[in-house]
Amino acid sequence: MPNIRKTYKIIKDFLFGALNKEFLVFLFFLALSGAFWLLMTLNETYEKELPVVVRISGVPKNVVMTSELTDTVYVTVKDKGFVIVSYITTNKLQPIVFNFSTYANKQAGHGQVPILDLQRLLRQQLFGSSSITSVKSSGLDFYFNYGSNKEVKVVLAGNIVPGENYYLAHIQFNPEKVTVYASKDVLDSLGTVSTEFLNIVNFQDTVSRVVTLRPMKGVKFVPNTVKLTLYPDILTEESMEVPITAINKPDGLTIRTFPQRVRVHFTVGASMYRSIKASDFSVVVDYKELASHPSDKCKLYIQSKPRGISNAHLEMDEVDYLIEQ
């Protein structure tokens, strides 16, 4: 008890000492002036942008919504600060609900909510002193159909560049096709759907990502995301001996080259090389060129080559030859 009384006396002397009394008076008037300033500030007129949720109701069970109304509109309200604060701190602005049948054009598969209808419903929720100065919305229209759809293949859109000495060997989507709901005209014209633009560069290992399909107005994708897998492969320098054949020669004429085979050098993915055969290449000598420009040697050309290789060139582009009747 003596210790408690002693502590109480110390605190009392500290608070009510002459110097501390002046400090307490200062704090009181500071708080009072702050309260007056706040009252004056809140009595001024302000504009504030407030979010309002928008929904559509009464959608029939046989209707597929291919696009929705914008989820949120932003309304700028003008009023005294007291009122603006009440909008912010309370649930005064409730979601606005529009009835599907009121605004849907069943023949066109399209509905649109006039901005005046939105403002009218907004004003019903505002205090009488408030006014609306602007309404921002990304769209007050919606699209729908009665189940018309088709499956469409997914394609890649973007900048896909593997790392140095690598190339893109294979692209895989899962699923490879998505179901598209849209109007008949859109479905008839739609052959593929693309991903959003992707920028994937300098990769050397397999890349897997869940990617979003590029949105289209009035079109619904199911699903609207797909799993993309990119398979890079290392590039190697390879070569292969290929027989030389003659083209554009008359029947009964034989052109013999020395040597009869030539080595073709090319760049290819390591995994693809195992599937390439010499017969996939065609190296030729053109008789018409020999007939028009006789020479000791004939020029060789790569007439065809397998897909997926690059930088194909001959070890020698001229060889000796002999024409036999």
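Positions are given from 1 along the sequence. These numbers come from the heavy atoms of this one structure, side chains and all, not from hydrogens, waters or symmetry mates. Every value quoted in this text rests on a predicted model; they were computed, and no experiment measured them.
- Evaluated for a side-chain contact (heavy atoms from CB on, under 4.5 Å) with Thr66, the options Asn145, Asn149, Val219 yield exactly one hit, Asn145.
- Among Leu314, Thr257, Ile302, Asp317, the single residue meeting the side-chain contact (heavy atoms from CB on, under 4.5 Å) criterion with Val262 is Leu314.
- Ring centroid separation for the pair Tyr321 and Phe258 does not come in under the 6.0 Å cut-off.
- Under the side-chain hydrogen bond (donor to acceptor under 3.5 Å, both in side chains) criterion, Gln204 pairs with no residue, sequence neighbours left out.
- A tilted orientation is assigned to the rings of Phe142 and Phe100, their planes being inclined by 30° to 60°.
- Residues Met316 and Val284 are members of separate hydrophobic clusters, defined by side-chain heavy-atom contacts under 4.5 angstrom among Ile, Leu, Val, Met, Phe, Trp and Tyr.
- Atom NE2 of residue His313 and atom CZ of residue Arg263 lie 11.5 Å apart, to the nearest 0.5 angstrom.
- The nearest pair of heavy atoms linking Gly191 to Val152 is O-CG1, 3.3 Å.
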* Between Ser101 and Asn99, is a side-chain hydrogen bond (donor to acceptor under 3.5 Å, both in side chains) present by the stated rule, with each step listed? -> CA-CA 6 Å; Ser101 60; Asn99 187 271; 2.4 Å; yes
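- Counting heavy atoms of neighbouring residues, nucleotides and ligands inside a 6.0 Å radius, atom CZ of Arg274 does not exceed 12 of them.
- Between Thr72 and Val54, the closest side-chain pair of non-hydrogen atoms is not below 4.5 Å.
- No more than 12 heavy atoms of other residues, nucleotides or ligands sit less than 6.0 Å from atom NZ of Lys78.
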* To do: Step by step, work out the side chain to side chain contact (heavy atoms under 4.5 Å, CB included) result for Val319 and Leu300.
  => CA-CA 8 Å; Val319 294; Leu300 303 179; 3.8 Å; yes
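- Taking CD of Glu315 as the reference point, atom CD of Glu241 lies at 8.0 Å (rounded to 0.5 Å).
- Under the ring-ring contact (aromatic ring centres under 6.0 Å, His included) criterion, Phe266 pairs with Phe281, sequence neighbours left out.
- The neighbour count for Asn199 CG, taken as heavy atoms of other residues, nucleotides or ligands under 6.0 Å away, is above 12.
- In this structure Ser194 satisfies the side-chain hydrogen bond (donor to acceptor under 3.5 Å, both in side chains) test together with Arg214, sequence neighbours excluded.
- For Lys227, the NZ atom counts as loosely surrounded, since its 6.0 Å shell holds 12 or fewer non-hydrogen atoms of other residues, nucleotides or ligands.
- In this structure, Val53 stands alone, with no Ile, Leu, Val, Met, Phe, Trp or Tyr side-chain heavy atom under 4.5 Å from its own, directly or through other members.
- Looking at residues two or more places apart in sequence or on another chain, you find a side-chain contact (heavy atoms from CB on, under 4.5 Å) between Val77 and Leu50, Val75, Ile84, Tyr87, Leu126, Ser130.
- The two residues Ile276 and Pro306 make their nearest non-hydrogen contact at CG2-CG, 4.1 Å.
- By the 6.0 Å contact criterion, CZ on Arg261 is enclosed, its count of non-hydrogen atoms from other residues, nucleotides or ligands being greater than 12.
- The environment of CD in Glu176 is sparse: at most 12 heavy-atom neighbours from other residues, nucleotides or ligands sit within 6.0 Å.
- Residues Ile323 and Leu253 have side chains in contact (heavy-atom distance under 4.5 Å, counting atoms from C-beta outward).
- Listed here is the closest heavy atom pair of Leu122 and Ile96: CD2-CD1, 3.3 Å.
- Two residues are said to be in side-chain contact when any heavy atoms from C-beta on lie closer than 4.5 Å; Val155 and Val193 fail this criterion.
- In this structure, a donor-acceptor pair under 3.5 Å is absent between the side chains of Thr229 and Gln172.
- Connection of Val59 to Tyr181 is not established within any shared hydrophobic cluster, with ILVMFWY side chains joined at heavy-atom distances below 4.5 Å, either directly or through further cluster members.
- Note: Phe203 and Tyr166 fail the aromatic proximity criterion, with ring centroids not under 6.0 Å apart.
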* Show your reasoning for whether side chain to side chain contact (heavy atoms under 4.5 Å, CB included) applies to Leu228 and Leu198. => CA-CA 11 Å; Leu228 166 68; Leu198 302 172; 3.6 Å; yes
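- Under the 4.5 Å side-chain heavy-atom criterion for ILVMFWY residues, a single connected hydrophobic cluster contains both Val52 and Ile115.
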* **side chain to side chain contact (heavy atoms under 4.5 Å, CB included) between Leu168 and Leu230, worked out** => CA-CA 7 Å; Leu168 187 58; Leu230 304 175; 4.0 Å; yes
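- Cluster annotation: Val211 and Ile171 are assigned to the same hydrophobic cluster (Ile/Leu/Val/Met/Phe/Trp/Tyr, side-chain heavy-atom contacts under 4.5 Å, transitive).
- In the hydrophobic cluster analysis, where Ile, Leu, Val, Met, Phe, Trp and Tyr join through side-chain heavy atoms closer than 4.5 angstrom, Tyr146 is grouped apart from Val186.
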* Steps toward side-chain hydrogen bond (donor to acceptor under 3.5 Å, both in side chains) verdict (Glu237, Thr267) -> CA-CA 5 Å; Glu237 292 285 343; Thr267 302; 3.0 Å; yes
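- Membership of the apolar cluster around Val161 extends to Val201, as traced through chained side-chain contacts below 4.5 Å between ILVMFWY residues.
- Counting heavy atoms from C-beta on, the side chains of Tyr143 and Met65 never come closer than 4.5 Å.
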* Passes side-chain hydrogen bond (donor to acceptor under 3.5 Å, both in side chains), Tyr103 versus Asp141? Steps please. -> CA-CA 9 Å; Tyr103 300 98; Asp141 56 349; over 6 Å; no
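- Distance check: Phe144 CZ to His110 NE2 gives 9.0 Å after rounding to the nearest 0.5 Å.
- In this structure the side chain of Lys48 reaches within 4.5 angstrom of the side chain of Ile88, judged on heavy atoms.
- Using a 4.5 Å heavy-atom cutoff, the side chains of Pro250 and Tyr287 are in contact.
- Atom CZ of Arg209 has 12 or fewer neighbouring heavy atoms from other residues, nucleotides or ligands inside a 6.0 Å radius.
- To the nearest 0.5 angstrom, Ile200 atom CD1 is 7.0 Å from Leu156 atom CG.
- Side-chain atoms of Thr195 and Val154, non-hydrogen and from C-beta on, do get closer than 4.5 Å to each other.
- Rounded to the nearest 0.5 angstrom, Leu235 CG and Glu238 CD are separated by 11.0 Å.
- Checked for salt-bridge contact, Glu324 and Arg256 meet the test: a charged N lies under 4.0 Å from a carboxylate O.
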* To do: Decide yes or no on side chain to side chain contact (heavy atoms under 4.5 Å, CB included) for Ile247 and Tyr301, but give the supporting numbers first.
  => CA-CA 11 Å; Ile247 60 173; Tyr301 300 94; over 6 Å; no
* To do: Given side-chain hydrogen bond (donor to acceptor under 3.5 Å, both in side chains), test Asp79 with Ser129 step by step and report yes or no.
  => CA-CA 7 Å; Asp79 209 331; Ser129 58; 2.6 Å; yes
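- In this structure, Glu289 CD and Lys299 NZ are separated by 7.5 Å, a value rounded to the nearest 0.5 Å.
- Residues Phe98 and Leu118 form a side-chain contact, since some pair of their non-hydrogen atoms from C-beta on lies under 4.5 Å apart.
- Between Asp280 and Lys305 no salt bridge is recorded (no basic side-chain N to carboxylate O distance below 4.0 Å).
- Within a 6.0 Å radius of CD in Gln125, other residues, nucleotides and ligands contribute more than 12 heavy atoms.
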